[in-house]
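For reference, the structure discussed in these notes is given below.
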2 protein chains.
Amino acid sequence: MKITNKKGKQFRVPDATIRRLPLYLDKLILLQQAGVREVSSRQLAMSLDIKASQLRHDFHYFGGFSKPGRPYDVDQLVPALEEIIGVDNPVPFVVVGAGHLGQALCNYANFERQGFPLVGIFDNDPDLIGIKIRGIKIEPIENIATVIKKKNVRLAAITVPSLVAQETAVKLVDAGVRGIWNYTPVDLRLPKDIIVRNERLATGLMCLSFKTKRLEHPELISDD
Amino acid sequence: MKITNKKGKQFRVPDATIRRLPLYLDKLILLQQAGVREVSSRQLAMSLDIKASQLRHDFHYFGGFSKPGRPYDVDQLVPALEEIIGVDNPVPFVVVGAGHLGQALCNYANFERQGFPLVGIFDNDPDLIGIKIRGIKIEPIENIATVIKKKNVRLAAITVPSLVAQETAVKLVDAGVRGIWNYTPVDLRLPKDIIVRNERLATGLMCLSFKTKRLEHPELISDD
């Protein structure tokens with residue numbers, strides 16, 4: 001994705017960098033809560049199991065955040081990253097599909113703490129409609145457009161059955177959603193200006209499997 | 001992570017590549033199920049929203065899988081990737097913590113289909129113990145070691161409360177688990193030969209937020 005910095009210069013920011021920004025912010029907030037004021041790129045990178053050069057390279061896209069050889073000021077870096085990521089103001093989101101996964105997402109307190117208040121939950125199961133999760137009532141799917149428009153929602157997670165994933169996504173987009181967090185295995189067909197993030201749960205197990213296999217078979221691996 | 005290929009040559013495989021392997025496999029299995037026999041790097045890359053050069057670069061670590069200019073043979077590439085990822089044989093896993101998220105993971109049928117049969121679920125809540133999910137009874141945490149050893153389990157997901165995350169992880173590792181899929185926000189302190197994958201749910205929303213913000217503010221973005 002190409003972005004323009006404050007000096008008007010254009011950069012192409014790799015997706016891998018974008019994916020690491022929240023991890024940096026996550027860790028920095030923990031450090032801030034622990035009272036840590038300064039952190040070096042080496043310390044921060046080590047705690048995330050990446051190389052310091054990689055971290056500095058990522059930060060460089062956004063101006064670098066510190067003078068060469070100087071540590072980062074945690075209290076300055078946190079709001080700077082929040083602004084870059086777009087969570088300097090609360091970003092409301094909704095969850096469509098209130099099965100186990102949907103309810104798990106709704107119950108995840110960290111979203112709120114990290115700037116994403118949950119403002120709507122939708123499902124078509126009459127047994128679920130009306131139940132409150134974290135103070136929010138599960139509403140029928142037909143209410144989506146009203147809630148999205150009223151609360152100016154831009155982000156939605158979908159955890160519905162595969163069969164209705166596409167129509168659910170279209171409904172959300174028509175109502176004004178611009179980013180979809182897709183927990184279904186379906187490849188959504190949506191306009192190009194809609195951002196879709198496909199969350200494939202099995203990916204996590206596969207990465208673990210790849211790495212543990214190589215640790216258990218020394219003939220396949222040689223450590224640094 | 002450094003790995004050795006079949007010719008005895010050592011490569012350092014970037015983590016980003018390792019994370020993409022399951023996505024390739026995922027997509028290729030879908031193509032295979034749809035009856036597709038051949039796919040070019042361009043087609044496969046496009047369907048995953050990455051560059052063809054990136055995909056070829058990733059595959060190059062493992063021998064490339066096709067002659068230059070030739071498409072990939074889907075029926076050959078699927079088992080090759082399965083072997084590399086380590087899912088050519090079923091890899092049993094357990095889930096510790098049977099709250100919403102734990103139950104969502106247990107109910108996720110795709111794990112089984114992708115080579116990860118669930119063989120144990122553990123929780124300490126007396127209201128949950130004994131309940132069956134996908135045919136597996138929720139057992140008390142104290143049974144972990146017995147099940148792990150009996151079923152030769154190497155991978156475990158933990159979705160327990162933060163306060164007991166560290167002790168749960170230690171219990172799993174002591175019993176023989178080598179890879180931990182950590183859904184708690186806790187930084188686990190474990191021996192170096194244990195692979196931990198921290199799943200930070202909010203990361204997904206943050207990436208979406210970053211990208212939709214830039215799409216909605218044209219002054220911050222210029223498309224290719």
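In what follows, every chain begins at residue 1, and chains take the letters A, B, ... in the order their sequences are listed.
Between chain B and the options A:G115, A:G86, A:S209, heavy-atom pairs under 4.5 Å are most frequent for A:S209. No other option in A:L21, A:I85, A:L205 has as many heavy-atom pairs under 4.5 Å with chain B as A:L205. The greatest number of non-hydrogen atom pairs below 4.5 Å with chain B, out of A:V87, A:L155, A:V91, is found for A:L155. When each of B:V196, B:T203, B:L201 is scored by its heavy-atom pairs under 4.5 Å with chain A, the top score falls to B:L201. The most heavy-atom pairs under 4.5 Å with chain B, out of A:N107, A:L25, A:I194, A:I195, come from A:I195. Note: A:P22 leads A:P22, A:P185, A:S47 in heavy-atom pairs under 4.5 Å with chain B. For the set A:I180, A:T159, A:L30, A:I50, the entry with the most heavy-atom pairs within less than 4.5 Å of chain B is A:I180. Here B:R154 is the residue among B:R154, B:K27, B:E199 with the most heavy-atom pairs under 4.5 Å with chain A.
Side-chain contact between B:F116 and A:M206 is present, with at least one heavy-atom pair separated by less than 4.5 Å. Between B:R200 and A:Q114 there is no side-chain heavy-atom pair separated by less than 4.5 Å.
Proximity to chain B is limited to the side chain of A:D187, based on heavy atoms less than 4.5 angstrom apart. When heavy atoms are compared at a cutoff of 4.5 Å, A:L101 approaches chain B by way of both its backbone and its side chain.
Evaluation of the ring pair (Phe, Tyr, Trp, His ring centres under 6.0 Å) test over residues 174-194 of chain A, restricted to residues two or more places apart or in two chains, returns A:F111-A:W181, A:W181-A:Y183.
At most 12 heavy atoms of other shown residues, nucleotides or ligands fall within 6.0 angstrom of atom CZ in A:R42.
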Using the rule given for side-chain contact (heavy atoms from CB on, under 4.5 Å), can you reason through A:K213 versus B:I84, listing the C-alpha separation, both sets of side-chain angles and the distance that settles it, and then say yes or no?
CA-CA 9 Å; A:K213 187 181 171 184; B:I84 287 165; over 6 Å; no
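Classification of the A:F62-B:F210 ring pair by plane angle, with boundaries at 30° and 60°, yields perpendicular.
Residues of residues 168-176 of chain B never come within less than 4.5 angstrom of chain A, heavy atom to heavy atom.
Nearest heavy-atom pair across B:C207 and A:R197 is SG-NH1, 3.5 Å.
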